[in-house]
Amino acid sequence: MDKSYNFKENEDRIYQNWERKGFFQPKAGPSRADNPDNLKLEKDAKPYTIVLPPPNVTGTLHMGHAGMLAIEDVLIRYHRMQGERTLWVPGTDHAAIATQTKVEKIIEEEDKTRHTLGRKEFLARVNKIARESHDTIVGQCKKMGASLDWSREAYTLDETRNRAVNFVFKLMYDDGLIYRGERIVNWCPRCHSTLADDEVEYKEQKAKLYYFKYDKNFPIIIATTRPETKLGDTAVAVNPKDERYKNLIGKEFEVDFVGVALKIKIIADREVDMDFGTGALGVTPAHSAIDWVMAENNDLEIIKVINEDGLIKNNFSKYSGKNVEEARAMIVKNLNKSGLMEKEEEIDNKLSLCYRCDTAIEPLPSLQWFIDVNRKVEHLNGKSIKETCLEAVRSGIFGRDKIKIVPERFEKNYFHWMENLRDWCISRQIWFGHQVPVWYKSTVNNSQLTINKKEDIYVGVEAPEGEGWKRDEDTLDTWFSSGMWTFSTLAHSPDEIRIENGKLVIDSEDFKNFHPIEVLETGYDILFFWVARMIIMTTYALNDIPFQDVYLHGLVLDEKGKKMSKSKGNVIDPLDMIEKYGTDATRLSLIIGSTPGNDMRLSEEKVAGFRNLVNKLWNIYRYGIKNYELRIKNYEIDFDKISLVDAWIIKSIDDVILEITDCLENYKFSQAGERLREFTRDELADWYLETTKFQKSKEIEKVLGYTLINLLRLWHPFIPFITEVLWKNFSFNKQLIISEWPKIEKTADDKRKALKGVKFEIIKNAIIAIRNARAENKVEPSRKVKAIIYAGDNIGLIKENKALIKGMRTGIESIEIKESGPKPEKAIFVAVEGIEIYLLGAVDEKKEKKRLKESIERLRQLITMTKKKLSDKNFVERAPGAIVDKEKTRLEEFGIEKKKLEDQFKKL
RNA sequence: GGACGCAUAGCUCAGUUGGCUAGAGCACUUCGUUUACACCGAAGGGGUCCAAGGUUCGAGUCCUUGUGCGUCCACCA
């Protein structure tokens, strides 16, 4: 064995071996110990499912993905070892807008646009790039050691998923949930496309705020930065509390605004800020989202002023055909000329820009498809989507427990978002994605702004029969399809998806076995985008929840706390880290120190640190194998033959098994990793292994073997590769990945139960005391010294382990042990002779006294409190009997403990 | 403007329902190369747990207010 662990020799090889043997499939597990090649789990084994949040096929995986893979793989490997039928479904997301934009940028360099290429050829280009990206992503997942079941891989835009999308769309349409309506969208006049809200970029700039009246007879001065849109005003809104305008509310005026006739109604709206401008807002329903809502509430006429090229539409006299800047200049000029302009003021303004071309966004009304979140439907037991989704997390629904979000505080965010949810716009004017499954009679132009007659629209899974139908050119919001991810991935061909009695049916074994999934592990940044959408889609389509738990991880930031991005050049590539430090170290660096919902800073030093830890583990085994025969048939320990240190380490690993199991059951990955690190280095390597160099125990092979095999099992979910390599040193014919998770037997014999593990601490204390004594007095290392230990009651213990104390880096040549000395009896005292100083205490008398005093005081307080509690009628009446009994028991225990401490104190 | 979060050692962070002397990693100081490991070992220094007030026998932990920082949502007509 080499001095250092060579991960490069092992990782790819082992991954291929696992995959080839089918260990990533749900049938693999520890239940068939005798025949590892014929894996089969009992049918009644509990299923455990995670679906991988599908990475976008826009490029390569970053550290955030790596962290996600590491955490999910820990869960999957742990549950696999628990004997559950474990399934982790891989897949990728077509990420409609992101992918299309990326490809548009590429073809832009060839001086082409998607329009010059045409839909078919453009999509071919997109698909090619998506496929390349997909292959890279799959390779990266494998490098991370992720035990994903590749035989079940899915894609959000493949045929099976498309089938599910079309069916659910149709179901919702038939239920009246999906409707077509107008809404203000962010329109880029240059790209000729709508933009999602998060694709709009804001730029701080100075802008002019113009104060003017529409005409001489109009009573109110309004303020605006965009006079050209005022050609489409149909109202002026004021705050209902505003005394200045109160008496005008409800009145209507006919005005001549720079040569264009307008009808203006004065309306009241609480949204209006009384302190901005004149406190009066010219309402332009067609070109402002807020105004649109006001128009809906007040039943105002909608006049469109600007067209899709950013030009003023027809019928606006001389302004028609001008672009917005020209029109603005003309109107400002006219207002000045006619004396209607009151003043111009410079203000700070945020300009909305297209993130692609920096063109100013034009808010325009456009015909879109929506999902009504407030309509009550029979399919949801007469409730609305909103109500259902709130209930699913608040109290549970469809007979399931409530969906638990970890960390809990995000439940508040979820409720807040869901309560304020508006109808979900699901159509997008891009080509890459699930095309809306709607056809129109060819006599109707679907980009027009009129709503079609009902008989001219066909909604279905396949194209309609007959001539003259033309499909809607729009595609669906990417979250519409990824919202179905937990169940759509469990179908493996389009035939398995159908509608029955107005409900979606997934007719596959996998769906029956694995839905709903156990936990959705994803980033908190997509709680609303994705997690909420999954709850919407699943509760509606299946009348079930998509998942029981949601675990939200944080973002992986660079060491300065900044988001990693290519433009900043601060990206740490997971593949680089794997190449340099190995997958195991990379995984640990992402798990330890990462707590749910909190961002994490990552540096290369951190990864290097964990490489060192992995190497430590390697050397622990190297030592063990070199010095002991560990390939033995059984590791049953004869408790009569073990030494004090053996008992200590057995007790310790047993405790660790319980702790790690508890941590993993409760999503405390970081804590589990830290505890394992502590045990591995501080307890096993630094103490137990050191003692084996000096102690003679007959059972040492079994004890060491028992400790090591359990340690490997506990570490395996975190660092799968090195643990699998080391596992070979033991006499198991089953690979570690499908071995049992360690358990502490309930039927353990009395001797095991009696293991306290604390006595060795006394020896440890003596050794540490001697080391300290030497260090503090700066003894030359070569100087040979003699130690005298006053051991008190522990004299037997110390005597038995004299050799150990001498050997454990104490630098002591000889030891004399005395029962009593010049100091009190209970404590151990160490004296180092042969040098100037004479005596040092292992236990500081002053400190000890203080500690005892404080402990006694605390117990006194506890007793007071408990007595008070028990005498409180309210408490006794309110608390169940068990709690009252518990309090009584505690009171007794406190009393005994207090007495003990008081005795100790007296002796001091 | 609305909501949520964070503030603990020089740095990065743990600290589960209030309860042993507030912990870890890195960094720092001193010592050490004894055949598992220099990708190493031993010992050590360093904290008014942001401030003020409150609840409690007891607060890093719960409540209120303030300060600083961050994130998300809405958005300035």
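Chain naming here is simple, since letters A, B, ... match the order of the sequence lines and numbering starts at 1 in each.
Closest to the side chain of A/Asn615, out of B/C37, B/A14, B/C4, is B/C37. Nearest to the side chain of A/Arg809, among B/A3, B/C72, B/U34, sits B/U34. Set against B/C40, B/A14, B/A36, the side chain of A/Thr595 has B/A14 as its closest nucleotide. Residue A/Arg601 has its side chain nearest to B/U12 when only B/U12, B/C75, B/C72 are considered. The nucleotide whose nearest atom lies closest to any side-chain atom of A/Asp686 is, among B/A14, B/A42, B/C4, B/A42. Of the candidate nucleotides B/G25, B/A14, B/A36, B/G25 has the atom lying nearest to any side-chain atom of A/Arg681.
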### Message
Determine whether A/Lys343 and A/Glu345 satisfy the following criterion, salt bridge (charged side-chain N to carboxylate O under 4.0 Å, His left out), listing intermediate values before the conclusion.
### Response
CA-CA 7 Å; A/Lys343 60 170 172 173; A/Glu345 193 179 273; 3.5 Å; yes
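For the pair A/Lys693 and B/U35, the criterion of a side-chain N or O lying under 4.0 Å from OP1 or OP2 is not met. In terms of phosphate contacts, A/Lys616 brings a side-chain nitrogen or oxygen within less than 4.0 Å of OP1 or OP2 of B/G41. Using a 4.0 Å cut-off, some side-chain N or O of A/Lys412 falls inside it from OP1 or OP2 of B/G5. Taking side-chain N and O atoms only, A/Arg611 has no distance below 4.0 Å to OP1 or OP2 of B/C39. For B/A24, the OP1/OP2 oxygens have no side-chain nitrogen or oxygen of A/Arg677 closer than 4.0 Å. Residue A/Asn420 has no polar side-chain atom (N or O) positioned under 4.0 Å from OP1 or OP2 of B/A74. For B/A14, the OP1/OP2 oxygens have no side-chain nitrogen or oxygen of A/Ser670 closer than 4.0 Å.
Taking 4.0 Å as the cut-off between side-chain N and carboxylate O, A/Glu683 and A/Arg675 count as a salt-bridged pair. One finds a salt bridge joining A/Glu604 and A/Lys580 here, because a Lys/Arg side-chain nitrogen approaches an Asp/Glu carboxylate oxygen to under 4.0 Å. Salt bridge present: A/Arg226 and A/Glu362 bring a charged side-chain N and a carboxylate O closer than 4.0 Å.
In this structure, CH2 of A/Trp687 is placed 14 Å from P of B/G41, rounded to the nearest angstrom. B/G5 atom C1' lies 9 Å from atom CG of A/Asn413, rounded to whole Å.
Straight-line distance between the C1' atoms of B/C37 and B/G32: roughly 15 Å, to the nearest whole Å. Taking atom C1' on both B/G66 and B/U12, the two are 28 Å apart, rounded to the nearest angstrom. Taking the C1' atom of each, B/A9 and B/C26 are spaced 12 Å apart, rounded to whole Å. Across B/A3 and B/A74, the matching P atoms stand 15 Å from one another, rounded to whole Å. The C1' atoms of B/U33 and B/C40 are separated by 9 Å, rounded to the nearest whole Å. Rounded to whole Å, the separation between the P atoms of B/G60 and B/U48 comes to 14 Å. Nucleotides B/G25 and B/U67, compared at atom P, are 38 Å apart to the nearest Å. When the P atom is used for both B/A14 and B/C50, the distance is 14 Å, rounded to whole Å.
Judged by distance alone, with hydrogens and angles left aside, A/Lys606 brings no side-chain donor or acceptor close enough to the base of B/U12 to form a pair under 3.5 Å.
Classified by interplanar angle (parallel below 30°, tilted 30° to 60°, perpendicular above 60°), the ring pair A/Tyr628/A/Tyr623 is perpendicular. By the 30° and 60° cut-offs, the orientation of the rings of A/Phe257 relative to A/Phe212 is parallel.
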